[in-house]
Amino acid sequence: MSNYASLERYIPLVKFMGEICGKNYEIILHDVSTPERSVIAACNEHLSGRRVGDPMTELAKELLRTGAYKEHDYVANYEGRTRGGKRFVSSTYFIKEKSQLVGLICVNHDVEDILVLSEHLSNLLHSFSLPQEEESSAYTEDLDDSIPELSSNLIHSTILGYGIPSNAMHTADKLEILRSLEAQGVFQTKGSVGQVARELHISEPTVYRYLRRIRSETV
């Protein structure tokens, strides 16, 4: 016995979904009681070439055989293909009455153009030897050409990375930070002494005194 009477009210929904989703979305309504001519409504059917009266796909038949509809209301975002190789992202909604499956609404999004464009873009990136998502480099470089900016970042990150708030540091802690900054050449940059003094909550003369002490250790 056909389920057409139960599914007839979904026919306008097929056209509505096709209109709002756009021309790259095919919407198909199936009557599962007539698998050899299951398609009873279609919108944008030019995408796959299917027509009203066409049979159910093998996947749809498999969903019926396995009873997937008993535990799920739908299956979404799986790969679909035509015989010609066109690729889709497909989803199927199970229409049920009293827990019995009567129909399917299938939405097939034609992503062939997007995938071809993605493949061309990937090839283009490879031609410039740009790193792909799956092959990140072990190195990254900050191409900031401002030396004072780099110096400021080094000061801030070194003090922050020490792990003790500057207002809780002892003299030995501050000396250790200055040794690290001196080794990195930070104090060759104008304004670095002032920034260190501010971030360590000490005076500039104290910074100079600590630096003399550190430099005398290496003589």
Side-chain angles (χ1 to χ4, degrees), residues 1-140:
M1 179 179 175
S2 171
N3 294 327
Y4 186 86
S6 299
L7 296 169
E8 192 173 8
R9 66 179 181 271
Y10 291 97
I11 293 176
L13 180 62
V14 169
K15 185 171 179 57
F16 171 69
M17 291 174 66
E19 290 287 340
I20 62 172
C21 291
K23 62 184 181 64
N24 285 334
Y25 286 82
E26 177 187 66
I27 318 296
I28 302 287
L29 176 62
H30 291 277
D31 178 351
V32 301
S33 67
T34 55
E36 300 310 314
R37 55 182 190 282
S38 67
V39 179
I40 60 173
C43 185
N44 295 327
E45 61 270 32
H46 63 278
L47 293 173
S48 71
R50 286 187 291 172
R51 299 287 186 269
V52 171
D54 279 355
M56 195 179 296
T57 65
E58 287 304 314
L59 175 63
K61 292 177 183 177
E62 181 67 18
L63 291 174
L64 264 65
R65 284 194 295 268
T66 60
Y69 63 90
K70 295 177 181 177
E71 296 181 5
H72 305 283
D73 292 324
Y74 57 86
V75 289
N77 300 322
Y78 54 87
E79 182 183 5
R81 284 180 182 265
T82 64
R83 289 188 183 89
K86 184 186 285 188
R87 291 166 288 185
F88 292 83
V89 173
S90 300
S91 301
T92 296
Y93 180 81
F94 302 125
I95 302 173
K96 292 179 273 189
E97 287 189 354
K98 298 179 180 178
S99 300
Q100 296 299 308
L101 185 68
V102 296
L104 306 170
I105 295 179
C106 298
V107 180
N108 302 306
H109 181 198
D110 179 2
V111 293
E112 185 65 26
D113 290 344
I114 296 172
L115 292 175
V116 169
L117 180 61
S118 174
E119 289 160 5
H120 284 316
L121 181 58
S122 178
N123 291 335
L124 181 63
L125 292 175
H126 276 298
S127 72
F128 285 99
S129 299
L130 295 177
Q132 304 298 296
E133 286 185 7
E134 67 274 9
E135 47 183 48
S136 59
S137 171
Y139 303 98
T140 58

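Quick caveat: nothing in here was measured; it's all calculated off a predicted structure. This chain uses plain numbering: 1 for the first residue, then up along the sequence.
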The reported gap from CG in Leu104 to CG in Leu64 (rounded to nearest 0.5 angstrom) is 6.5 Å
Under 6.0 Å from the OH atom of Tyr74, do we count more than 12 heavy atoms belonging to anything else shown?
-> no
Nearest 0.5 Å, what's the CD-CG distance between Glu45 and Asn108?
-> 12.0 Å
Quick one: do the Tyr4 and Thr34 side chains pair a donor with an acceptor below 3.5 Å?
-> no
If you take all heavy atoms of Phe88 and Leu47, which pair is closest and at what distance?
-> CZ-O, 3.6 Å
Got a second to check how far Met56's CE is from Leu63's CG, nearest 0.5 Å?
-> 9.5 Å
Heavy-atom nearest pair, Gly18 first then Cys43, reads CA-SG, 3.7 Å
Cationic N near anionic O, under 4.0 Å, Asp73 to Lys96 = yes
Determine, stepwise, if the pair Glu97 / Gln100 fulfils side-chain contact (heavy atoms from CB on, under 4.5 Å).
-> CA-CA 5 Å; Glu97 287 189 354; Gln100 296 299 308; 5.6 Å; no
Got a sec: does the NZ of Lys23 have more than 12 other heavy atoms crowding it under 6.0 Å?
-> no
To the nearest 0.5 angstrom, please state how far the OG atom of Ser38 sits from the CG atom of Asn3.
-> 11.5 Å
Between His30 and Val39, does a side-chain contact (heavy atoms from CB on, under 4.5 Å) hold up when you go through it step by step?
-> CA-CA 5 Å; His30 291 277; Val39 179; 3.5 Å; yes
Which atom pair, heavy atoms only, marks the closest approach of Gly103 to Val32?
-> CA-CG1, 4.0 Å
Measure the spacing between CG of Leu7 and OG of Ser2 and express it to the nearest 0.5 Å.
-> 7.5 Å
Look up atom CD1 in Ile28 and atom CZ in Arg51, then write down how far apart they are to the nearest 0.5 Å.
-> 9.0 Å
Applying salt bridge (charged side-chain N to carboxylate O under 4.0 Å, His left out) to Arg37 and not counting sequence neighbours gives none
Hey, which of Val75, Leu59, Ile105, Thr57 is the one that makes side chain to side chain contact (heavy atoms under 4.5 Å, CB included) with Thr92?
-> Val75
Please determine if Arg87 and Glu119 form a salt bridge, counting it only when a charged side-chain N lies under 4.0 Å from a carboxylate O.
-> yes
According to the interplanar angle, ranging from 0 to 90°, do the rings of Tyr25 and His109 count as parallel (below 30°), tilted (30 to 60°) or perpendicular (above 60°)?
-> parallel
Which heavy-atom pair separates Ala76 from Ser91 by the least distance, and what is that distance?
-> CA-OG, 3.4 Å
Using modelled atom types only, decide if a donor and an acceptor are shared between the side chain of Asn44 and the backbone of Gly22 within a distance under 3.5 Å.
-> yes
Would you please test Ile27 and Leu13 for side-chain contact (heavy atoms from CB on, under 4.5 Å) and show each step?
-> CA-CA 9 Å; Ile27 318 296; Leu13 180 62; over 6 Å; no
